[in-house]
Amino acid sequence: MTNASNAPLLIESGSPSSSFLLFALPALALTSKDGLGLVQAVILLIFLRHLRPVSRSYLQHWGELSGVTLAFLFYFLVSWVRMLADHQPLRMLDGPARLLIGLSCIGVMYTLRPRIRYFWLGLCVTTLLAAAMAAWQVFSGAEERALGFTHHAVTFGDLALVSGLMAACGLAAFRDPRLQRVDWLPAAALLGGMLASVLSASRGGWLALPLVAIPLLTYGRRLYGWRLLRMCAVTLGLLALAFALPATGMAQRVGLVLHEAQQYFTAGDVSNSVGVRLELGRASLMMFADHPWLGVGRDNFDAALAALAAAGRLQPLPPMAYVNSQNDLLFCLSTGGLLDAGLLLMMYIAPLRYFMGELRRPDLGQHSLALAGVVLVAAFVGFGLTDVMFWLMMPKVFYVMMLCSLIGMCLAVRYSAPTPRRILITRTDNIGDVVLTLPLAGYLKQLYPQAEIVFLCRLYAAAVVAHCRHVDRVLTVEELGRDVAKSLRQTGCDTVLFTYPRRELAYAARRAGIGRRVGSTRRVYHWLTCNRLVNMTGPLGARLHEAQLSFKLLLPLGIDYVPPREDVWKLYGLTPSRHRDADAVLAGPGIKLILHPKSNGNGREWPLEHFTTLARMLGDDPQVRVLVTGSPAEGQLLAEQAPELLALPNVENLCGKLDLAGFTALIGGCDGLVASGTGPLHLAAALGRPVVGLFPPIKPIDPVRWAALGPRATNLAAEQGCGQCADPAQCSCMRAITPQHVLDVIRSWR
């Protein structure tokens with residue numbers, strides 16, 4: 001059995017909603033016009049909803065986050081002051097405000113701790129979709145240059161390229177067994193990013209690649225060895241092939257750039273794209289020389305350019321709508337002077353310093369994230385040599401959100417979720433369901449031996465839970481009283497796991513201020529009351545036993561572990577008890593075999609005539625005592641519907657004669673039990689008694705979901721459904737299990 005000593009505490013622990021958001025962050029960047037803005041708005045709302053814990057995370061790690069935080073904060077504050085001083089419109093704060101809001105990604109990712117593999121999947125999907133879109137736009141003739149949904153070829157090509165380069169940093173994530181079938185995605189994404197960049201005809205990628213290659217090959221080689229080097233070699237080989245093929249136009253475009261640059265330097269030709277860019281760069285240096293500290297003003301580049309031309313200091317430029325220097329640093333120097341240039345360098349250097357620090361620390365899983373961060377910064381520096389990346393909204397939002405999400409995930413990897421001190425498990429339905437939840441308490445006690453496990457159930461099931469050595473305190477719904485929130489607050493629990501959802505308990509737990517509230521996404525009210533949501537459905541959930549399903553609620557604790565079915569019974573922790581009334585029954589001679597015919601309406605029941613036949617067959621052995629059990633109401637039904645069973649000389653009718661404590665003691669001391677899928681069956685299996693469970697072969701009440709789990713448990717079901725299963729009165733699946741089948745199992749116990 002995998003226990004607390006060797007079950008790793010994984011960091012990817014968040015709810016499906018936060019994980020999907022992490023997937024959508026890169027995936028929407030290049031495939032939707034307003035995708036990034038939508039994700040940023042959602043992250044801001046999450047930030048505001050979890051304001052207190054998120055704010056604490058910034059304060060707790062301020063020493064590490066101060067550089068990045070102050071870089072974007074100062075940029076916003078300086079922009080605000082300059083807007084007021086220069087009497088600029090409020091819209092001038094739009095970009096700086098988006099950069100400031102992007103800082104919320106750090107706290108949100110650190111607090112929600114989404115499943116990081118979704119980030120790498122999102123990056124790969126982003127780049128492949130961008131490559132497919134670029135190929136369609138160019139090869140179909142719809143566009144001369146690939147634009148995606150950005151309407152700006154350079155932006156599209158640059159963001160697609162950096163997404164592919166970052167995806168190559170996530171090779172470690174695809175070692176996960178859940179992703180091994182798609183471990184080719186990072187390589188495909190890297191190629192896709194190159195393809196999209198080539199088809200966009202962006203020159204920024206050419207200059208960014210050498211800058212990115214240094215950290216990618218230096219640190220990436222340490223992380224992934226020859227695999228990453230082979231990926232890069234194949235990619236560069238294909239890039240060289242594309243350069244050699246005339247159809248791609250790459251060679252012609254490079255030759256044209258060199259020719260236009262030569263024309264500018266030899267003849268001062270500014271009639272072409274490169275000449276204009278070089279002349280704009282010269283103009284930017286003139287503006288900086290004239291206004292070195294504050295520049296000409298962020299919104300005054302056009303006016304300053306016209307003034308230089310009027311003064312004869314520039315060559316006449318063609319009537320082209322250039323509104324910036326086509327270079328990040330030169331544009332900041334010209335429009336904002338040393339102040340803005342310093343802020344730009346801070347927004348590059350501070351994150352780079354953070355990620356380099358993460359790469360120097362021991363790898364707890366953050367190295368691949370930090371390498372992606374270094375690649376992101378290096379790529380944007382390279383892109384900024386031929387474009388102003390912080391001019392358009394999309395690249396600046398992409399930069400800050402990616403950057404801060406990576407920082408938040410690095411922190412989440414290095415600092416595991418707080419260890420619970422007191423955990424409340426709620427299971428307020430039937431006894432069988434309560435029993436099948438006890439392994440969760442057992443596993444938590446292994447993981448956190450110092451934590452107190454509190455189990456909330458109904459009063460009638462409390463006697464069973466009280467015999468579980470893993471539960472420190474049993475709390476009943478009845479003792480909560482009218483003010484449920486106050487009672488829950490008094491328990492002092494910091495974590496609650498809603499293994500059985502109840503609306504009033506969920507709202508009460510929120511009002512009680514329980515810090516970590518984990519529930520299923522299937523209940524709408526959990527989206528309002530729980531701050532951790534777990535998807536309990538899906539293909540994997542359909543294959544899990546009821547006792548295994550509850551383990552999925554441990555994901556927000558950083559635990560991605562479901563015990564194998566054959567090991568679940570080891571976690572029950574139930575100890576047989578003694579009871580005076582049960583001892584009186586068990587004191588007699590012979591083998592005590594319990595038949596529990598009814599199920600209180602829960603599940604399909606074995607026909608009463610089969611129970612009667614089995615009891616009669618057991619009467620052939622004088623050593624076997626048949627004990628028929630059930631509630632008083634079930635005893636009355638048996639008297640009406642199966643009087644022959646109760647009249648057999650070897651049968652003792654115990655229906656309604658024992659309370660739950662006595663019944664539990666009776667089950668713990670008996671020699672075997674036969675029942676349909678009901679509470680006594682699971683209780684007997686948990687106590688280690690021989691049992692026969694009788695089930696129909698139909699979902700969701702088949703043995704796959706509800707089988708008795710124990711060292712001596714046998715579960716019988718027909719091989720296939722009868723076709724009339726929708727109507728319990730017509731269903732013959734249970735009848736197909738014959739008394740002889742059950743008798744053969746009972747005889748094998750000896």
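As a basis for the values below, the full set of heavy atoms in this structure was taken, side chains included, without hydrogen atoms, waters or symmetry mates.
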Tell me whether [X] contacts the main-chain N or O of [Y] through its side chain, where contact means a donor paired with an acceptor under 3.5 Å.
X: Asp363; Y: Gly365; answer: yes
X: His367; Y: Arg361; answer: yes
X: Thr111; Y: Val108; answer: no
X: Arg523; Y: Ser520; answer: no
X: Arg98; Y: Met393; answer: no
X: Ser405; Y: Met402; answer: no
X: Thr499; Y: Thr426; answer: yes
X: Trp120; Y: Leu185; answer: no
X: Lys552; Y: Tyr561; answer: no
X: His545; Y: Val704; answer: no

Salt bridge (charged side-chain N to carboxylate O under 4.0 Å, His left out) contacts touching residues 485-497 (sequence neighbours left out)
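Every pair satisfying salt bridge (charged side-chain N to carboxylate O under 4.0 Å, His left out) with a residue in residues 485-497: Arg421-Asp494.
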Using 0.5 Å steps for rounding, measure from the [atom1] atom of [X] to the [atom2] atom of [Y].
X: Ile407; Y: Gln366; atom1: CD1; atom2: CD; value: 13.0 Å
X: Glu452; Y: Asp472; atom1: CD; atom2: CG; value: 5.0 Å
X: Leu533; Y: Leu555; atom1: CG; atom2: CG; value: 12.0 Å
X: Ile514; Y: Thr495; atom1: CD1; atom2: OG1; value: 8.5 Å
X: Tyr415; Y: Ser57; atom1: OH; atom2: OG; value: 12.0 Å
X: Leu557; Y: Arg113; atom1: CG; atom2: CZ; value: 11.0 Å

Under a 4.5 Å cut-off applied to non-hydrogen side-chain atoms, are [X] and [Y] in contact?
X: Val568; Y: Gln548; answer: yes
X: Lys598; Y: Thr678; answer: no
X: Thr126; Y: Leu159; answer: no
X: Val496; Y: Ile425; answer: no
X: His50; Y: Ile46; answer: yes
X: Val125; Y: Leu129; answer: yes
X: Arg705; Y: Lys699; answer: no
X: Cys124; Y: Leu121; answer: no

For Tyr58 and Tyr110, I'd like to know if the aromatic rings sit close, meaning centre-to-centre distance below 6.0 Å.
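When the ring centroids of Tyr58 and Tyr110 are compared, they turn out to be at least 6.0 Å apart.
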Are Tyr443 and His470 an aromatic pair by the rule of ring centers under 6.0 Å?
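That pair fails the under 6.0 Å test.
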Donor on one side chain, acceptor on other, Glu605 and Ser676, under 3.5 Å:
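No pair is found: no donor N or O on one side chain lies under 3.5 Å from an acceptor on the other.
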Could you tell me if Thr476 and Glu479 have a donor-acceptor pair between their side chains, going purely by distance under 3.5 Å?
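Side chains of Glu479 and Thr476: pair found under 3.5 Å.
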Aromatic plane relationship, Tyr399 with Phe72 - under 30° parallel, 30 to 60° tilted, over 60° perpendicular:
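It falls in the tilted class, 30° to 60°.
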Holding to salt bridge (charged side-chain N to carboxylate O under 4.0 Å, His left out), I want the full list of residues that pass it with Arg427, two or more places apart in sequence or in another chain.
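Here the qualifying residues are Asp429, Asp433, Glu546.
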Salt bridge (charged side-chain N to carboxylate O under 4.0 Å, His left out) involving Lys396 - partner list, sequence neighbours excluded:
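Lys396: no salt bridge (charged side-chain N to carboxylate O under 4.0 Å, His left out) contacts found.
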Atom of [X], atom of [Y] and distance for their closest heavy-atom approach:
X: Arg502; Y: Thr428; value: CD-OG1, 2.9 Å
X: Cys410; Y: Tyr354; value: CB-OH, 3.6 Å
X: Val400; Y: Leu99; value: CG2-O, 3.3 Å
X: Ile423; Y: Cys493; value: C-SG, 4.4 Å
X: Thr155; Y: Pro395; value: CG2-CD, 3.9 Å
X: Pro26; Y: Leu123; value: CG-N, 3.6 Å

Who are the side chain to side chain donor-acceptor pair (under 3.5 Å) partners of Ser368, not counting sequence neighbours?
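Listed in chain order: nothing, the list is empty.
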Quick one: do Arg91 and Asp94 make a salt bridge, cutoff under 4.0 Å?
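Looking at Asp94 together with Arg91, the answer is no, because their closest N to O distance does not fall below 4.0 Å.
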Electrostatic pair Arg414-Glu64, nearest N-O below 4.0 angstrom:
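The answer is yes: the pair qualifies as a salt bridge.
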Is it true that atom [atom1] of [X] has more than 12 heavy atoms of other residues, nucleotides or ligands lying nearer than 6.0 Å?
X: Gln450; atom1: CD; value: no
X: Tyr525; atom1: OH; value: yes
X: Arg522; atom1: CZ; value: no

Does Arg117 make a cation-pi contact with Phe119 (under 6.0 Å, within 45 degrees of the axis)?
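Output no; distance or angle outside limits.
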Would Val484 and Tyr507 count as a side chain to side chain contact (heavy atoms under 4.5 Å, CB included) if you check the C-alpha gap in whole Å, the side-chain angles of each, and the deciding distance to 0.1 Å?
CA-CA 9 Å; Val484 179; Tyr507 279 99; over 6 Å; no
Listed partners of Val518 passing side chain to side chain contact (heavy atoms under 4.5 Å, CB included), at least two apart:
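Expected list: Leu497, Arg516, Arg532, Val534, Leu553, Pro556.
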Kindly indicate, with the supporting measurements, whether the criterion side chain to side chain contact (heavy atoms under 4.5 Å, CB included) is fulfilled by Ile43 and Met401.
CA-CA 10 Å; Ile43 288 179; Met401 292 185 68; 3.8 Å; yes
Which is it for Phe455 and Arg473 under the side chain to side chain contact (heavy atoms under 4.5 Å, CB included) test, yes or no, and what are the steps along the way?
CA-CA 6 Å; Phe455 201 105; Arg473 177 184 172 188; over 6 Å; no
Could you tell me which residues satisfy ring-ring contact (aromatic ring centres under 6.0 Å, His included) with His526, sequence neighbours excluded, listed by chain and number?
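Result, ring-ring contact (aromatic ring centres under 6.0 Å, His included) vs His526: Phe498.
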The test is side chain to side chain contact (heavy atoms under 4.5 Å, CB included); show your working for Val434 and Tyr500 and say whether it passes.
CA-CA 9 Å; Val434 169; Tyr500 180 73; over 6 Å; no
